[in-house]
Amino acid sequence: VIGAPGRDGDYQDTGAVWMYEQVTTDGNAVSWEQRATFEGLSYHNFGSFGTSVALFGTTAVVSAPGGLDSMQRVVIYEANESGAWRETGALQGSTVFGSTVAGFGRSIAVGQDHVLVGTPQRDTVAIFGRDANKNWQLETTLTDPDETARAFGAALAIDDDRIIVGAPGYGHDVWKG
């Protein structure tokens, strides 16, 4: 998955993402072929769709943290049995913060049943999980545990039941997202 948040669509910096799949012959990698293209909202200036991308199996997650606060989101795509990708959900900062917030989705990660969404401007990571109906629901949020980090959530990784959260401004008062 390759993101291009600065790609212009109908408006400036709408953004786009391309999905590639490795093609093999007789067990040997031959090439990478484009399988899908996802585009940002065509009516949204500076949406920066594709700023962060993550992939786990048949689930792809793409962030659009730029532009109007009301439009910032993390979009979830899933592939069906035939390999066709479709949008299956969108996560919004208002779910986490009660209102929209700048930079929601600056970083993301996806696991089997969890999506992590970083908002380093707020030193927050939101953890969304899939419910029994396969809908994404906010489970909890993580914040800087000792209140000394800056940009807590700027980098994220998930592996089964472990999460790693990066805070590149740890111990510094000057850097804030």
Side-chain angles (χ1 to χ4, degrees), residues 1-24 29-97 100-121 124-131 133-139 153-159 163 166 177:
V1 182
I2 299 170
R7 180 175 185 248
D8 292 343
D10 292 339
Y11 293 92
Q12 188 174 358
D13 294 341
T14 303
V17 170
W18 291 268
M19 172 76 66
Y20 287 83
E21 185 175 323
Q22 189 176 40
V23 178
T24 59
V30 176
S31 64
W32 290 87
E33 292 185 8
Q34 183 180 341
R35 296 292 188 210
T37 301
F38 312 133
E39 295 188 8
L41 298 172
S42 62
Y43 54 86
H44 181 34
N45 263 338
F46 306 107
S48 300
F49 181 80
T51 293
S52 291
V53 294
L55 179 66
F56 182 88
T58 58
T59 303
V61 182
V62 180
S63 74
L68 300 171
D69 289 349
S70 63
M71 301 306 293
Q72 295 172 357
R73 65 189 69 229
V74 172
V75 183
I76 301 169
Y77 297 89
E78 298 193 55
N80 62 21
E81 299 80 32
S82 66
W85 290 87
R86 66 181 181 86
E87 183 178 331
T88 59
L91 311 174
Q92 304 250 344
S94 58
T95 304
V96 179
F97 299 104
T100 57
V101 61
F104 178 77
R106 181 71 55 195
S107 60
I108 55 176
V110 61
Q112 183 168 348
D113 288 314
H114 289 93
V115 172
L116 311 179
V117 180
T119 308
Q121 291 88 332
T124 303
V125 175
I127 302 175
F128 291 86
R130 263 193 260 236
D131 65 18
N133 296 319
K134 303 251 184 219
N135 296 314
W136 295 95
Q137 303 293 328
L138 177 65
E139 287 185 353
L156 301 169
I158 184 171
D159 180 34
I163 295 171

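Atoms considered below: every heavy atom in the structure, side chains included; atoms not considered: hydrogens, waters and symmetry mates. It should be emphasised that the depicted structure is a prediction, and the values quoted were computed from it without experimental measurement.
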Contacts of Thr119 that satisfy side chain to side chain contact (heavy atoms under 4.5 Å, CB included) - sequence neighbours left out: Phe97, Val101, Phe104, Gln121, Arg122
Thr59 and Val115: CA distance, side-chain angles, deciding distance, side-chain contact (heavy atoms from CB on, under 4.5 Å) verdict: CA-CA 10 Å; Thr59 303; Val115 172; 5.6 Å; no
Atom pair CD (Gln137) and CG (Leu91), whose distance is rounded to the nearest 0.5 Å: 9.5 Å
Nearest atoms (heavy-atom pairs only) where Trp18 meets Gln34: CD1-NE2, 3.1 Å
Under 3.5 Å donor-acceptor, Asn133 side chain and Asn135 backbone: no
Tyr77 OH to Thr58 OG1 distance, which is reported to the nearest 0.5 Å: 15.0 Å
Side-chain donor or acceptor of Thr51 paired with backbone N/O of Ser63 under 3.5 Å: no
Qualifying salt bridge (charged side-chain N to carboxylate O under 4.0 Å, His left out) pairs with a residue from residues 76-88, counting only residues at least two apart or across chains: Glu78-Arg130
Shortest non-hydrogen separation from Leu156 to Ser107 and the atoms involved: CD1-OG, 3.5 Å
For the student: nearest non-hydrogen atoms of Gly129 and Glu139, plus distance: CA-OE2, 3.3 Å
Considering all heavy atoms, the nearest Ile158-Gly111 contact: CG2-N, 3.6 Å
Shortest non-hydrogen separation from Leu55 to Trp85 and the atoms involved: CD1-CH2, 3.9 Å
Closest approach of Ala126 to Val96 (non-hydrogen atoms, all atoms of both residues): CB-CG2, 3.6 Å
Gln92 and Arg73: CA distance, side-chain angles, deciding distance, side-chain contact (heavy atoms from CB on, under 4.5 Å) verdict: CA-CA 5 Å; Gln92 304 250 344; Arg73 65 189 69 229; 3.0 Å; yes
Phe128 side chain reached by Val74 side chain, heavy atoms, under 4.5 Å: no
